[in-house]
Amino acid sequence: MNYWLMKSEPSVYSYDDLIRDKKTIWDGVRNYTARNNLKAMKKGDLAFFYHSMEDKAIVGVAKIAKEFFPDPKDENWVAVEITSFKKIKNPVTLAQIKADKRLANMALVKLSRLSVQPVKPEEFDLVLALSEEK
DNA sequence: GCCAACGTTGGC
DNA sequence: GCCAACGTTGGC
């Protein structure tokens with residue numbers, strides 16, 4: 001199983017929106033690196049849901065429900081379908097991640113503009129552990 | 001094929 | 001609002 005991180009501006013589409021909708025099509029990705037990551041996703045993979053801009057925090061976990069298919073809006077690109085999986089207890093902020101040496105190599109820090117990025121299993125576990133802390 | 005100009009993302 | 005980082009475009 002692989003782990004991912006997908007970014008969204010909460011004012012556009014938030015994790016609470018995903019909870020309300022149960023599932024959503026993740027389309028509109030127009031970056032080759034991000035597209036390659038979408039294509040590498042397998043059904044059942046888990047992805048952190050990151051709120052950019054206002055929150056700058058990981059707020060939930062989504063599950064890949066459907067592997068890549070052509071983006072309904074532009075078939076040169078691809079989309080996946082995700083479902084809400086788990087809302088994180090305490091959001092893990094970008095500042096927290098940057099402050100933790102063990103997470104300093106996360107793509108979120110290194111490749112700050114990439115909207116769909118891979119997460120290492122140990123990073124995934126660490127972030128979840130951070131979210132359990134007060 | 002190089003690279004300058006330009007556009008976009010997203011943190012600060 | 002600014003600007004750094006980075007991706008894309010287009011002239012040569």
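Naming convention: chains lettered A, B, ... in sequence-line order (proteins, then strands); numbering from 1 in each chain.
Taking every nucleotide of DNA chain C with any atom under 4.0 Å from a non-hydrogen atom of chain A, the first and last of them, 5' to 3', are C/dA5 to C/dT8.
Tested against A/Ile58, the residues A/Val127, A/Leu94, A/Leu128 include a single side chain to side chain contact (heavy atoms under 4.5 Å, CB included) partner, A/Val127.
To the nearest 0.5 Å, atom NZ of residue A/Lys7 and atom OG of residue A/Ser112 are 6.0 Å apart.
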Verdict with supporting geometry, A/Tyr32 and A/Trp77, ring-ring contact (aromatic ring centres under 6.0 Å, His included): CA-CA 9 Å; A/Tyr32 289 102; A/Trp77 297 92; 4.9 Å; yes
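A cation-pi arrangement is present between A/Lys66 and A/Phe69, with the terminal nitrogen or guanidinium carbon under 6.0 Å from the aromatic centre and inside a 45° cone about the axis.
Contacts of A/Leu94 with the nucleic acid, taken as non-hydrogen atoms under 4.0 Å apart, involve only primed sugar atoms and P, OP1 or OP2.
Salt bridge annotation for A/Lys42-A/Asp45: absent, with no cationic side-chain nitrogen under 4.0 angstrom from a carboxylate oxygen.
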